[in-house]
Amino acid sequence: MPILLTGIIVTILSLMVIAFVFIKRKKITCMAGMMTAMALGMLVGLTGGLLVGILYSGNLFFSTILGAAIGFLAGFLTGLPISVMAIIDGILSGIMGGMMGAMLGEMMLPEYRNSMIHIMLVIFVGMISIILYMLQQETGFNRLSLINKIFHNPLLLAIFFLLFFYAYNHLYNELARDDNVPIKNSSMGHSMISNNRFASPLNSGAKVKTVVMEATEFAYFPKNFKLTIGQPVTLILKNSGEVEHDIEFENMKASLLQPSHHGNDSKNQTVHVHSLPGKTAEIRFIPVESGVFRFYCTVPGHKESGMVGFVEIS
Ligand SMILES: [Cu+2]
């Protein structure tokens, strides 16, 4: 959801700058136009690239091309009313920003993605404001202009930024709440399932998802996977290595679908399964909480050697 919201904000602000440049093109010098095209190309490229890098995570080729294309378009459109030099400036920095953004999005661990998007948005909004101010100065100082008024008064500027991020957070939470509606429904369905927790999960109505996790020295395959709240999961740990391995999910709440040693009914049990070399072992559970959780091998030294991955539950 933050991807869509950030995408919309970035698009609106960029169109504002492009429209401004187009309307005042006769008053903007080549230098200022080049600066604007370069800055907008780079900013849109970086932010857009980051978003598509996260959205198409796992396909760096596609996200790089798409990110570079977004930056290219922004740089081109901004430079177009000014000069060929401004176009070149905008296009080159747009492509560079897009490529870097896509790589950043691809490499960012899932747990830091939202924070990274927020940081990028703060940079984007701040820089766009400065560019608009610079253009306003360039095209003749106008005492009545709202932008000038805001920038000549630090208090107004602070209020403007606070209002913007307050509105952003509000929208963000609103969208996140909409996302939670189906989650609530499925956890209601889930409590019916867990009353019957020793019966076959196939009888409970929800389709069982089977995940085969291969463990070797020292890696898991797949390294990342997705689960759905309320949907029963059979996790099969296939140890293809020479030594024993296990898998444990950090801080993930789940309801186990088999009699646990402790015999408790809690939905807050740790999902842990262990497998000897060349053997497979399985565990069945129902995820009850959304989020991104880390899993790792608890055998000493294995986590540090790379036996770590992430599961995304939605
Ligand atoms: Cu291990």
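Atoms within a ligand are numbered from 1 in the order they appear, just like the ligands themselves.
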Exercise. So what does the Cys297 SG - the Cu ion (ligand 1) - Met307 SD angle come to, to 10°?
Worked result: 110°
Seminar exercise, completed: Of all N, O or S atoms in His302, the one closest to the Cu ion (ligand 1) is ND1
Problem set entry | Lys209 to Leu227 - nearest heavy-atom pair and separation | CD-CD2, 4.0 Å
For this session: Could you state whether Phe225 and Phe221 fall into the same hydrophobic cluster, counting links through intermediate Ile, Leu, Val, Met, Phe, Trp or Tyr residues with side-chain heavy atoms under 4.5 angstrom apart?
Result: no
Exercise. Between Glu282 and Thr234, is a side-chain hydrogen bond (donor to acceptor under 3.5 Å, both in side chains) present by the stated rule, with each step listed?
Worked result: CA-CA 7 Å; Glu282 68 170 63; Thr234 301; 5.1 Å; no
Exercise. What's the atom name of the N, O or S in His245 nearest to the Cu ion (ligand 1)?
Worked result: ND1
For this session: Give me the ring orientation class for His170 and Tyr166: parallel if the planes are under 30° apart, tilted from 30 to 60°, perpendicular past 60°.
Result: parallel
